[in-house]
**Student:** 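Can you read through this structure? Questions will come right after.
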Amino acid sequence: MNGPRLWLVRHARPLVAPGLCYGRLDMAADASASRSAATALAHALPAKVAGVWHSPLQRCELLALELRALRPDLASNPEPRIAETDFGAWEGQAWSAIARAEIDAWAAHLASHAPGGGEPLAAMLARVAQALRAAAACAHDGGADVVWITHAGVARCVQWLLAHGEQRPPQSHEWPPQAPGFGAWMTLALPGRA
């Protein structure tokens, strides 16, 4: 992969019951898993990094702090634009307790429907696109990779934006299914300057 890359690092497993809907719900991550993920990441990252940002949610902040303890050169700054989606009234509910008709309405109008009255995907894509432009500028100015400690939803947004741009909203059947597992990452080439 030539040129600067974006490292999309997902937080470690959150301390939440299985089957619970969470996006902006702010809960801690498993501390031991966060340390393990930070150790692996510290060894994998290149010696020079242009910048590190993390979602302000504590499950991402914990991984950022663990990484900084191992690599003091990798101080991270909170970046609200790379927070997970807001599921509104669905936050903290079991997925099985959310009315099937509500989930179907969201799936039918993925870009425009606000799940649980929270954040529509179109709004999330817009904020992630702003952060992506800033990351690309930072990477090209610094001549090095950029790291985001973030969430699965943000990783999917970045994949969509790099493949399709900001002009066309996604349909449910074309939304990227791939995202890093808990404590894992993926790297993607950052776009060049416009």
Side-chain angles (χ1 to χ4, degrees), residues 1-12 22-24 26 37-38 41 44-46 48-64 67-68 71 73-87 110-115 118-194:
M1 196 177 289
N2 295 328
R5 298 171 296 172
L6 175 62
W7 292 65
L8 292 165
V9 182
R10 189 175 179 191
H11 57 81
Y22 65 92
R24 276 306 158 78
D26 198 11
L41 183 60
L45 285 170
K48 181 181 178 190
V49 172
V52 182
W53 287 269
H54 65 272
S55 161
L57 298 176
Q58 62 179 308
R59 56 193 186 264
C60 293
E61 184 177 29
L62 176 59
L63 181 49
L67 179 62
R68 184 176 183 181
R71 293 268 311 261
D73 59 310
L74 299 179
S76 182
N77 295 298
E79 172 51 84
R81 295 177 296 188
I82 63 170
E84 186 60 280
T85 195
D86 181 353
F87 285 106
L110 185 64
S112 60
H113 187 81
E119 180 181 36
L121 179 58
M124 184 178 183
L125 281 165
R127 67 176 163 83
V128 172
Q130 289 177 342
L132 188 57
R133 286 190 294 274
C138 176
H140 290 288
D141 287 346
D145 294 354
V146 169
V147 179
W148 285 1
I149 299 173
T150 188
H151 309 271
V154 172
R156 290 183 178 101
C157 284
V158 170
Q159 291 175 76
W160 174 265
L161 290 164
L162 292 177
H164 303 283
E166 299 177 52
Q167 303 310 311
R168 185 172 70 83
Q171 302 296 313
S172 296
H173 69 277
E174 56 188 9
W175 190 236
Q178 185 180 1
F182 292 119
W185 58 84
M186 63 183 0
T187 58
L188 299 171
L190 282 164
R193 293 190 182 280

**Student:** Testing the basics here: between Leu125 and Pro170, what is the closest heavy-atom pair and its distance to 0.1 Å?
**Tutor:**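 That would be CD1-CD, 3.7 Å.
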
**Student:** Got a sec: does the CZ of Arg68 have more than 12 other heavy atoms crowding it under 6.0 Å?
**Tutor:** no

**Student:** Minimum heavy-atom separation for Ala179 to Ala152, with atom names?
**Tutor:** CB-CB, 3.8 Å

**Student:** Specify the closest pair of heavy atoms between Pro191 and Leu162, including all atoms of both residues, with the distance to one decimal.
**Tutor:**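 So the minimum-distance heavy-atom pair works out to CD-CD2, 3.7 Å.
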
**Student:** CG of Asp145 to CZ of Arg5: how many Å apart, nearest 0.5 Å?
**Tutor:**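 So the gap between those two atoms works out to 4.5 Å.
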
**Student:** So Leu132 and Leu190, do their side chains get closer than 4.5 Å, heavy atoms only?
**Tutor:**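 A side-chain contact exists here, since the closest heavy-atom pair is under 4.5 Å.
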
**Student:** Is there side-chain contact between Arg10 and Trp185, with heavy atoms separated by less than 4.5 Å?
**Tutor:** no

**Student:** Show your working on side chain to side chain contact (heavy atoms under 4.5 Å, CB included) between Leu161 and Glu166 and close with a plain yes or no.
**Tutor:** CA-CA 6 Å; Leu161 290 164; Glu166 299 177 52; 3.7 Å; yes

**Student:** Show, in sequence, the C-alpha distance, side-chain angles and deciding distance for Trp160 and Leu121, and conclude whether the side chain to side chain contact (heavy atoms under 4.5 Å, CB included) test is met.
**Tutor:** CA-CA 11 Å; Trp160 174 265; Leu121 179 58; over 6 Å; no

**Student:** Just wondering, do Trp7 and Pro180 contact through their side chains at under 4.5 Å, heavy atoms?
**Tutor:** no

**Student:** Hey, are Arg59 and Glu84 close enough for a salt bridge, meaning a charged N less than 4.0 Å from a carboxylate O?
**Tutor:** no

**Student:** When rounded to the nearest 0.5 angstrom, what is the spacing between NE2 in His164 and CD in Gln159?
**Tutor:**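 The distance works out to 10.0 Å.
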
**Student:** So do Val154 and Met124 actually touch side chain to side chain, heavy atoms under 4.5 Å?
**Tutor:**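 Met124 reaches Val154 side chain to side chain.
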
**Student:** Between Val146 and Ala50, which heavy-atom pair has the shortest distance, and what is it?
**Tutor:** CG2-CB, 4.2 Å

**Student:** What closest approach, in Å, do Ala111 and Pro169 show between heavy atoms, and which atom pair accounts for it?
**Tutor:**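 What the structure gives for the nearest pair is CB-CB, 3.5 Å.
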
**Student:** Side chains of Leu8 and Leu188: does their closest heavy-atom pair fall under 4.5 Å?
**Tutor:**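 Of all side-chain heavy-atom pairs linking Leu188 with Leu8, at least one is under 4.5 Å.
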
**Student:** Can you find a heavy atom in the side chain of Trp53 that is under 4.5 Å from one in the side chain of Thr150?
**Tutor:**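 The answer is no; the side chains never approach within 4.5 Å.
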
**Student:** Rounded to the nearest 0.5 Å, what separates atom OG in Ser55 from atom CD in Glu61?
**Tutor:** 9.5 Å

**Student:** Is there a side chain to side chain contact (heavy atoms under 4.5 Å, CB included) between Leu74 and Val147 once you walk through the steps?
**Tutor:** CA-CA 9 Å; Leu74 299 179; Val147 179; over 6 Å; no

**Student:** If you measure from CG on Asp73 to CG on Leu45, what distance do you get to the nearest 0.5 Å?
**Tutor:** 9.0 Å

**Student:** So Pro78 and His54, do their side chains get closer than 4.5 Å, heavy atoms only?
**Tutor:**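 Yes - at least one pair of side-chain heavy atoms lies under 4.5 Å apart.
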
**Student:** Determine whether Ile82 and Cys60 make a side-chain contact, defined as any pair of heavy atoms from C-beta on separated by less than 4.5 Å.
**Tutor:**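 Contact flag for Ile82/Cys60 side chains = no.
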
**Student:** Which atom names give the shortest non-hydrogen contact between Tyr22 and Phe182, and what distance separates them?
**Tutor:** OH-CZ, 3.6 Å

**Student:** Is a side-chain N or O of Arg127 found less than 3.5 angstrom from the main chain of Ala83, in a donor-acceptor match?
**Tutor:** yes

**Student:** Rounded to the nearest 0.5 Å, how far apart are CZ of Arg81 and SG of Cys157?
**Tutor:** 13.5 Å

**Student:** Can you pull the salt bridge (Lys or Arg N to Asp or Glu O under 4.0 Å) pairs that have at least one residue in residues 154-163, sequence neighbours excluded?
**Tutor:** none

